[in-house]
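Below you'll find the structure, written out as structure tokens, and then a few comments.
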Amino acid sequence: MPTTPVHQKVDIFTRSEGAALKGVGILLIATHNLAHCLGATGYDCNEFNFEQESTDALFHFLLHPGQSILIQLSTLLGYCGIYAFLFISAFGLVRKYEQGTTKMPAPHIFVWQHYTKLFKLMFFALISAILAVWLVNSSKLPSISDCVAQALMVTNWLKPPYSHVFPGPYWFFGLMIELYIIYRLVLYVPRDGAAWRKWLLPLLFIAATVTPQILLRNAGREMIYLRYNFFVAGLTFSAGMLVARYGGIPRMGKWAWAGVFAVASVAFILMQATPVTWILSSLVVTVAMIALVKTFSATVMRPFVWVGGISSFLFVIHPVIRTFALYFGNGISNHLLVLIYTIVAILAAVAYRRFLTAIHWK
């Protein structure tokens, strides 16, 4: 009896859906990185450490929503956009080097290729960020050593890392270099590799990254140090690899995916209640973002795909625009400021991409 289309399995997402997922992720990140500087909640997010006050504030705002609810949610939860990129990065590595036609280079060449790619993307944006701070508030200029550490992408290793990263979001580059090294040396499985390695290595990586976080969940600075490094990526990066290697999913309609989005979103919110479930919630919010993209119509999908196409440029340039937004934003409502900042950041990302293309720097 032939299999009906309803029961056929399809890939986790199409190329367009993958681009849209990056679009969702970068918009969450960019808006969060301004929103959390506006003081709309009185608390910062639980990105690197679990603070009960931040969790209590989240539940309070959800139970008593006001006119600032979007800014408050962006402040407390927008950082979760990074998980979309961790998932996509792992998925892409497997598809390119394990299942595609691209030959895997030697470890040192692989790491160097990815380091130079990130360096070229970051270099002029980093200089622009330094100039922006110099123009509006020279007292906050980073030290030369911090700039060098950022160029080398090792700010994650400095203690405490939050005192050395400049401009803030660029800590993610150091995290990606760590993951590239770990993937090439430990997690990569060639086509003719043992089948058990394809599932066991990601599971071991999850155990190696999640267990220390659970043990140090109340340790404060040590927990922050872990999550500025590859430990924060264990669940979603491993999920990306496993989905790429085994990723057939049932074919479902948009309403079914809307149900998955709703359930995953509620579960993610509830998981913010305790330190252990908070640590595990990154996987659930990733499922929610994938499900959200699956609900998009062609019309809705199109702008997110386009933003996803410039996501790397938007990531490096939005901190520059944030500096000016915070300096010139006095007297503007938070919602209008975030809207103007987002539009300007997108336009700046387009200009930055054209600039790098014009000088053949990409």
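Side-chain atoms are counted along with the backbone in the values below, which use heavy atoms only and exclude waters and symmetry mates.
- Between Val111 and Leu185 there is no side-chain heavy-atom pair separated by less than 4.5 Å.
- Counted within 6.0 Å of NZ on Lys117, heavy atoms from surrounding residues, nucleotides or ligands total 12 or fewer; the atom is thus considered open.
- Residues Tyr352 and Phe119 are members of one and the same hydrophobic cluster, defined by side-chain heavy-atom contacts under 4.5 angstrom among Ile, Leu, Val, Met, Phe, Trp and Tyr.
- Here the OG1-CG distance, from Thr55 to Leu76, works out to 8.5 Å after rounding to the nearest 0.5 Å.
- Listed here is the closest heavy atom pair of Asn46 and Glu51: OD1-N, 3.0 Å.
- Side-chain contact check for Trp157 and Glu178: at least one donor-acceptor pair (N or O, by modelled atom type) lies under 3.5 Å.
- Residues Ser143 and Ser145 have side chains that bring a donor and an acceptor to within less than 3.5 angstrom of each other.
- The distance between the ring centers of Tyr225 and Phe231 does not fall below 6.0 angstrom.
- The two residues Arg217 and Asn49 have their closest heavy-atom pair at O-OD1, 4.3 Å.
- Side chains of Val266 and Phe261 form no contact here, defined as non-hydrogen atoms less than 4.5 Å apart.
- Under the 6.0 Å cut-off for aromatic ring centres, Phe296 and Phe304 qualify, their centroids lying closer than that.
- The main-chain N or O of Gly100 is found under 3.5 Å from a side-chain atom of Arg191 such that the two form a donor-acceptor pair.
- Using a 4.0 Å cut-off between a side-chain N of Lys or Arg and a carboxylate O of Asp or Glu, Glu47 and Arg227 do not qualify as a salt bridge.
- Under the 4.5 Å side-chain heavy-atom criterion for grouping Ile, Leu, Val, Met, Phe, Trp and Tyr, Leu235 is connected to Leu204 within one hydrophobic cluster.
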Would Thr295 and Val260 count as a side chain to side chain contact (heavy atoms under 4.5 Å, CB included) if you check the C-alpha gap in whole Å, the side-chain angles of each, and the deciding distance to 0.1 Å?
CA-CA 10 Å; Thr295 69; Val260 173; over 6 Å; no

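- Counting heavy atoms from C-beta outward, Leu126 and Phe123 have side chains that stay 4.5 Å or more apart.
- For the pair Ala349 and Phe313, the tightest heavy-atom approach, listed with the atom from each and the gap, is O-CB, 3.6 Å.
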For Val287 and Phe268: C-alpha separation, side-chain torsions, deciding distance, then whether side chain to side chain contact (heavy atoms under 4.5 Å, CB included) applies.
CA-CA 10 Å; Val287 172; Phe268 168 71; over 6 Å; no

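- Hydrophobic clustering, with ILVMFWY side chains joined whenever heavy atoms are under 4.5 angstrom apart, keeps Val316 apart from Ile343.
- The closest donor-acceptor contact from the side chain of His335 to the backbone of Ile71 lies at 3.5 Å or more, if one exists at all.
- Separation of atoms OG1 (Thr75) and CG (Leu34) is listed at 8.5 Å; rounding is to 0.5 Å.
- Under a hydrophobic-cluster definition in which Ile, Leu, Val, Met, Phe, Trp and Tyr are linked whenever side-chain heavy atoms come within less than 4.5 Å, directly or via other members, Tyr327 and Leu336 are assigned to different clusters.
- A distance of 10.5 Å separates CG in Leu187 from CG in Leu200, rounded to the nearest 0.5 Å.
- Contact record, Arg197 with Pro190: NH1-CD, 4.2 Å, taken as the closest heavy-atom pair.
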Using the rule given for ring pair (Phe, Tyr, Trp, His ring centres under 6.0 Å), can you reason through Phe85 versus Phe315, listing the C-alpha separation, both sets of side-chain angles and the distance that settles it, and then say yes or no?
CA-CA 11 Å; Phe85 286 93; Phe315 178 80; 7.3 Å; no

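- Side-chain contact between Tyr79 and Pro169: absent, with no pair of heavy atoms (C-beta onward) separated by less than 4.5 Å.
- Enclosure of atom CD1 in Ile144 is not indicated, since only 12 or fewer non-hydrogen atoms of other residues, nucleotides or ligands lie within 6.0 angstrom.
- For the pair Arg353 and Trp306, the cation-pi criterion (under 6.0 Å, within 45° of the ring axis) is not fulfilled.
- The salt bridge (Lys or Arg N to Asp or Glu O under 4.0 Å) with Glu98 is formed by just one residue from the set Arg184, Arg245, Lys198; it is Arg245.
- Using cut-offs of 30° and 60° on the angle between ring planes, the pair Phe230 and Phe205 is parallel.
- The hydrophobic cluster containing Leu280 also contains Leu86, counting ILVMFWY residues as joined when their side-chain heavy atoms lie under 4.5 angstrom apart, directly or transitively.
- Taking the ring centroids of Trp171 and Phe48, they lie under the 6.0 Å cut-off.
- Separating the CD1 atom in Ile130 from the OG1 atom in Thr323 is a distance of 11.0 Å, to the nearest 0.5 Å.
- The closest side-chain heavy-atom distance from Phe59 to Ile269 is below 4.5 Å.
- Between Phe87 and Phe91, the angle of the ring planes stays under 30°, which puts this pair in the parallel group of the 30/60° scheme.
- No donor-acceptor pair closer than 3.5 Å links the side chain of His60 to the backbone N or O of Asp56.
- What you find for Thr209 and Gly234 is that their closest heavy atoms are OG1-CA, 3.2 Å.
- Using bins of under 30°, 30° to 60° and over 60° for the plane-to-plane angle, the ring pair Tyr183/Phe237 lands in the perpendicular bin.
- Between Lys294 and Glu17, at least one side-chain nitrogen of the basic residue sits less than 4.0 Å from a carboxylate oxygen of the acidic one, meeting the salt-bridge criterion.
- With rounding to the nearest 0.5 angstrom, the OG atom of Ser312 is 7.0 Å from the NZ atom of Lys22.
- Remark: of the listed residues Asp146, Thr155, Asn156, Asp146 is the sole one forming a side-chain hydrogen bond (donor to acceptor under 3.5 Å, both in side chains) with His164.
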Residue pair Phe166, Val133: steps toward the side chain to side chain contact (heavy atoms under 4.5 Å, CB included) verdict:
CA-CA 11 Å; Phe166 177 86; Val133 172; 3.7 Å; yes

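- Between Phe61 and Leu73 there is no side-chain heavy-atom pair separated by less than 4.5 Å.
- In this structure, OG on Ser54 lies 10.5 Å from CG on Leu77, to the nearest 0.5 angstrom.
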In sequence, state the C-alpha distance, the side-chain angles, and the governing distance for Met153 and Tyr115, and then conclude on side chain to side chain contact (heavy atoms under 4.5 Å, CB included).
CA-CA 9 Å; Met153 303 178 204; Tyr115 169 81; 3.7 Å; yes

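- For the pair Leu93 and Tyr180, the minimum side-chain heavy-atom distance is below 4.5 Å.
- Ring centroids of Phe124 and Phe355 are separated by less than 6.0 Å, placing the two rings close together.
- Thr31 contributes a side-chain N or O that, together with a main-chain N or O of Leu28, makes up a donor-acceptor pair within less than 3.5 Å.
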Could you walk me through whether Gln272 and Ser281 pass the side chain to side chain donor-acceptor pair (under 3.5 Å) check?
CA-CA 7 Å; Gln272 305 310 297; Ser281 67; 3.1 Å; yes

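- Nearest approach of His318 to Ala345, heavy atoms of both residues: CB-CB, 4.2 Å.
- In this structure, Pro160 and Tyr228 have side chains that are not in contact, with every pair of non-hydrogen atoms separated by 4.5 Å or more.
- Taking the six-membered ring where the residue is Trp, the centroids of Tyr170 and Phe173 are separated by under 6.0 Å.
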